[in-house]
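Computed from a prediction, not measured in an experiment: that's the story for all the values here.
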Amino acid sequence: TLEETVAILGSSEARLDVAELVTPESNGAALAQLAEAGRGTVASAADPAALVQSYDALARSLASQYLLSYRSQSGGPTDLLVAIDHGGIHVEGSASVDLPPLAPTTTSAAPPQPAQPAERPKEASGWVLAIGAAAFFVAIALAMSVVLIPRAPRAGAERLGRAMVEAPRTTALTGLAERASRAAEEALEHRGQRQPLDNALERAGLDLRAGEFLVLAGSASIAALLVGSMLANVVVGLVFAGVVAVGFRFGLGHLKAKRQERFAEQLSGTLQLLAGSLRSGYALVQAFDAVAREADAPTCEEFRRLVVETRLGRPLPESLRAMSERVDSEDFAWLIGAIEINREVGGDLSEVLDTVGATIRERDQIRRQIKALSADGRYSAYVLMALPFAMMLMLRLVNPGYLAELTTGFGLVLSAMAMFLMTVGGLWLRKICRLVF
């Protein structure tokens, strides 16, 4: 409740500044009470442009705050005087603080221990070094993933402005990961590849920045390179690193495709919910809000973002087109076209949505039918592509010398020809079994 929140703010050391966009639903008295309890200010704005100015003012206020740390030589009530000289400017400030009492100093010291003779270090075996190095770099990769993946709070804060107060508790690993991420983002920005990667991560539903994803993939690739080099040789390590890098790329594409596929599967139900909300008397934005609350992910996530952008002042047609680019659905593009035409010429939008929904359901039915009919060819392609590698692995285990001829002399030429023909056959099978709808 409001009273409980005010009590918590009053008993804490948190400061609360309020930026209010004045609307008919605003509660200025409650916001003023919260700001007073949080020892902050209230900045009211009547339109989004003035709200931007309020955020800029708050950002400048946060950016001009500094934390001064020093080692005290006294305890109890103390008067502090701070003087700063920089660039010809002299500033002084004073404050009275109550410092905790100093800890008593101990004068007793432990008796010196007799020196022990130095032992000769033992040499570790190669397997021990390999396992230790592999475990070390795997731990680094895992630590980087733990540091980088849960970034939702910080990512949301950075969207409000770059003038942010750094977190008071950081570790060396956190700082290293942050510096590496920024360097990776600068390199991507210089090559013009940061925005496409950001868009791909957004469409895949990953709450990562482009630099964080690049550092995570690079750390995993380096760990795979070192593990492969220690277990076999540098060539195997490079193969491992390449497989990991390609796996990250294809994994991102797979997540993006799966998210778009789930959105397309939920679209017919979304249209039914929209049409029902409009028949109940809801406005279009209120119907979108109902979808954001009732639908499953990723539909609810996209419509929630659409509603938030609209409430912050972005035009609805522009928000719809941006959402269409994110979900990359031809059926949803048809829906947007129907909504824009209806907004221009008028009419019963619920009937239009019913018609579009019926068309989309028929398309989905035909798509699923064709996918079921082509499943035989697709799984045959999977079996044919995996069969040579499975046979090679079995021969390697049963008779290791049988494949030795393929690694020397003319056997290398035969291996290269086999890989080329496998690639051509795989692309051919993919072209035959691919559904173009």
Item to complete: Taking Asp17 for its side chain and Thr41 for its backbone only, find out whether a donor-acceptor pair lies under 3.5 Å.
Response: yes

Fill in: Arg314 side chain vs Glu309 backbone, donor-acceptor pair below 3.5 Å
no

Worksheet item: Is the shortest heavy-atom distance from the side chain of Arg321 to the side chain of Glu340 under 4.5 Å?
Response: yes

Discussion item. What's the separation between atom CG in Leu208 and atom CG in Leu197, rounded to the nearest 0.5 Å?
Written reply: 9.5 Å

Fill in: Sole candidate of Arg259, Arg203, Arg262 that passes salt bridge (Lys or Arg N to Asp or Glu O under 4.0 Å) when paired with Glu302
Arg259

Practice prompt. Looking only at non-hydrogen atoms, find the nearest pair between Val244 and Ala224 and report the distance.
Written response: CG2-CB, 3.6 Å

Worksheet entry | Within 6.0 angstrom of His86 NE2, more than 12 heavy atoms from elsewhere | no

Worksheet item: Okay, side chain of Ser26, backbone of Leu21: is any donor-acceptor separation there less than 3.5 Å?
Response: yes

Discussion item. Side chain to side chain contact (heavy atoms under 4.5 Å, CB included), that's the test. Do Val82 and Glu92 meet it? Break it down for me.
Written reply: CA-CA 6 Å; Val82 180; Glu92 291 186 357; over 6 Å; no

Worksheet item: Could you walk me through whether Arg209 and Asp198 pass the salt bridge (charged side-chain N to carboxylate O under 4.0 Å, His left out) check?
Response: CA-CA 6 Å; Arg209 298 184 321 209; Asp198 278 331; over 6 Å; no

Worksheet item: Can you tell me how far the OG atom of Ser44 sits from the CG atom of Leu31, to the nearest 0.5 Å?
Response: 8.0 Å

Worksheet item: With side chains defined as the heavy atoms from C-beta onward, is the minimum distance between Gln65 and Ser61 less than 4.5 Å?
Response: yes

Worksheet entry | Flag for Ser280-Ser277: side-chain donor and acceptor within less than 3.5 Å | no

Fill in: Minimum-distance pair of heavy atoms, taken over all atoms of Val42 and Ala35
CG2-CB, 3.4 Å

Fill in: Donor-acceptor pair, side chain of Ser69 and main chain of Leu67, under 3.5 angstrom
no

Fill in: Leu316 side chain near Arg343 side chain, heavy-atom distance below 4.5 Å
yes

Worksheet entry | Validation row: Ser229, Leu225 side chains within 4.5 angstrom (heavy atoms) | yes

Discussion item. Restricting to side chain to side chain donor-acceptor pair (under 3.5 Å), what partner residues turn up for Thr299, sequence neighbours left out?
Written reply: Gln266

Worksheet item: OH of Tyr282 to CG of Leu274: how many Å apart, nearest 0.5 Å?
Response: 12.5 Å

Worksheet item: Taking all atoms of both residues into account, what is the closest heavy-atom pair of Leu278 and Ala287, and its distance?
Response: CD2-CB, 4.2 Å

Worksheet item: Which heavy atom in Ser221 sits nearest to a heavy atom in Ala241, and how many Å separate them?
Response: O-CB, 3.4 Å

Worksheet item: Are Glu36 and Arg15 within salt-bridge range, i.e. N to O under 4.0 Å?
Response: no

Worksheet item: Should Thr270 and Phe332 count as side-chain neighbours, where that means a heavy-atom distance under 4.5 Å?
Response: no

Worksheet item: With distance as the sole test, does Ser324 use its side chain to make a donor-acceptor pair with the main-chain N or O of Leu320 at under 3.5 Å?
Response: no

Worksheet item: Would a 4.5 Å heavy-atom cut-off, applied to side chains only, mark Glu330 and Arg363 as touching?
Response: yes

Worksheet item: Under the side chain to side chain contact (heavy atoms under 4.5 Å, CB included) criterion, do Tyr382 and Leu429 qualify, and how do the steps go?
Response: CA-CA 9 Å; Tyr382 299 153; Leu429 290 173; over 6 Å; no

Worksheet item: Between Glu325 (side chain) and Ala322 (backbone), is there a donor-acceptor pair under 3.5 Å?
Response: no

Item to complete: Would you please classify the geometry between the Phe303 ring and the Phe263 ring as parallel, tilted or perpendicular, with 30° and 60° separating the classes?
Response: parallel

Discussion item. Run Thr310 and Phe288 through side chain to side chain contact (heavy atoms under 4.5 Å, CB included) and show every step you take.
Written reply: CA-CA 10 Å; Thr310 305; Phe288 289 158; over 6 Å; no

Worksheet entry | Check: Leu306 and Val291 side chains under 4.5 Å, non-hydrogen atoms | no

Discussion item. So Gln33 and Leu2, do their side chains get closer than 4.5 Å, heavy atoms only?
Written reply: yes

Worksheet, complete the sentence: Rounded to the nearest 0.5 angstrom, the OG1-CD distance for Thr5 and Glu3 is 8.5 Å

Worksheet item: How far apart are the C-alpha atoms of Val327 and Gln260, what are their side-chain angles, what is the distance that settles it, and do they pass the side chain to side chain contact (heavy atoms under 4.5 Å, CB included) test?
Response: CA-CA 6 Å; Val327 300; Gln260 293 172 355; 5.6 Å; no

Discussion item. Salt bridge or not between Arg367 and Asp364? Use side-chain N to carboxylate O under 4.0 Å.
Written reply: yes

Worksheet item: Which atom pair, heavy atoms only, marks the closest approach of Ala290 to Leu273?
Response: O-CD2, 4.1 Å

Discussion item. What verdict does the salt bridge (charged side-chain N to carboxylate O under 4.0 Å, His left out) test give for Asp289 and Arg293, after you've listed the backbone C-alpha separation in whole Å, the side-chain angles of each residue and the deciding distance to 0.1 Å?
Written reply: CA-CA 6 Å; Asp289 187 38; Arg293 288 183 281 104; 3.5 Å; yes

Worksheet item: Got more than 12 heavy atoms from elsewhere within 6.0 Å of CE, Met422?
Response: yes

Worksheet item: Under the side chain to side chain donor-acceptor pair (under 3.5 Å) test, which residues partner Ser96, sequence neighbours left out?
Response: Asp79

Worksheet item: In Å, rounded to the nearest 0.5 Å, how long is the span from OG of Ser350 to CG of Leu284?
Response: 11.5 Å

Practice prompt. Identify the two heavy atoms, one from Gly357 and one from Leu271, that lie closest to each other, and give their separation to 0.1 Å.
Written response: CA-CD1, 3.4 Å

Response to the item:
Value for CG (Leu226) from CD1 (Ile222), rounded to nearest 0.5 Å, stands at 7.5 Å

